[in-house]
Colleague: 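Supplied in structure tokens, the structure appears directly below.
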Amino acid sequence: MLVAFSVAPLGAGESVAEAVADAVAVVRASGLPNRTSAMFTEIEGEWDEVMDVVRRATEAVGRHGHRVSLVLKADIRPGFTGQLDAKVERVEAALASRTD
């Protein structure tokens, strides 16, 4: 399963960089394949392990404010692994083959 999620504290001021860094540290320490961009962190693994990491990342952010916003999108495709990179590679290949 692939999960893209964004988590941020509410009521913690204008910058949420430290809170987000705490969440990303949880994700990276998990050992699961992951990637962080300006808007989301993506993580790949089995349902229970991915959701546990999301829960712990959310709890880490919760220590920075009185309320937490969590946005989550999941691609649940049993039997497929390595999709964190493979999906992007397929799009890049499709773009490279265009002659327009």
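The chain is numbered in sequence order, starting from 1.
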Colleague: I want to check something: taking the side chain as every heavy atom from C-beta on, are Asp22 and Arg63 in contact at a cut-off of under 4.5 Å?
Modeller: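 No - every pair of side-chain heavy atoms lies 4.5 Å or more apart.
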Colleague: Which heavy atom in Gly65 sits nearest to a heavy atom in Pro9, and how many Å separate them?
Modeller: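 For Gly65 and Pro9, the tightest heavy-atom pair comes out as N-CB, 4.2 Å.
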Colleague: Where the side chain of Glu44 meets the backbone of Asn34, is there a donor-acceptor pair that is under 3.5 Å apart?
Modeller: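 Checked: no pair found.
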Colleague: Through direct or indirect side-chain contacts below 4.5 angstrom among Ile, Leu, Val, Met, Phe, Trp and Tyr, which residues connect to Val54?
Modeller: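 Traced through the cluster, Val54 reaches Met1, Val3, Phe5, Val7, Val26, Val27, Leu32, Ile43, Trp47, Val50, Met51, Val53, Val61, Val68, Leu70, Leu72, Ile76.
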Colleague: Can you establish whether the number of heavy atoms outside Arg28 located under 6.0 Å from its atom CZ is more than 12?
Modeller: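 For Arg28, atom CZ is not crowded (no more than 12 foreign heavy atoms under 6.0 Å).
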Colleague: Report yes if the side chains of Lys87 and Glu42 come closer than 4.5 Å at any heavy-atom pair, otherwise no.
Modeller: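 Not touching, per the 4.5 Å side-chain cut-off.
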Colleague: Does Met39 sit in a hydrophobic cluster with other residues, and if so which ones, taking ILVMFWY side chains as linked at heavy-atom separations under 4.5 Å, directly or through other members?
Modeller: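 Via sub-4.5 Å side-chain contacts, Met39 links to Phe40, Val71.
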Colleague: In Å, rounded to the nearest 0.5 Å, how long is the span from NE2 of His64 to OG of Ser15?
Modeller: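 Result: 10.5 Å between the selected atoms.
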Colleague: Is the closest side-chain heavy-atom distance between Arg98 and Leu95 below 4.5 Å?
Modeller: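 Heavy-atom side-chain distance check passes, below 4.5 Å.
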Colleague: When you look at CD of Glu59, are more than 12 heavy atoms from neighbouring residues, nucleotides or ligands closer to it than 6.0 Å?
Modeller: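 Yes - once you tally the heavy atoms of other residues, nucleotides and ligands closer than 6.0 Å, there are more than 12.
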Colleague: With a cutoff of under 4.5 Å between side-chain heavy atoms, which Ile, Leu, Val, Met, Phe, Trp and Tyr residues group with Leu2?
Modeller: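 For the cluster that includes Leu2, the remaining residues are Leu84.
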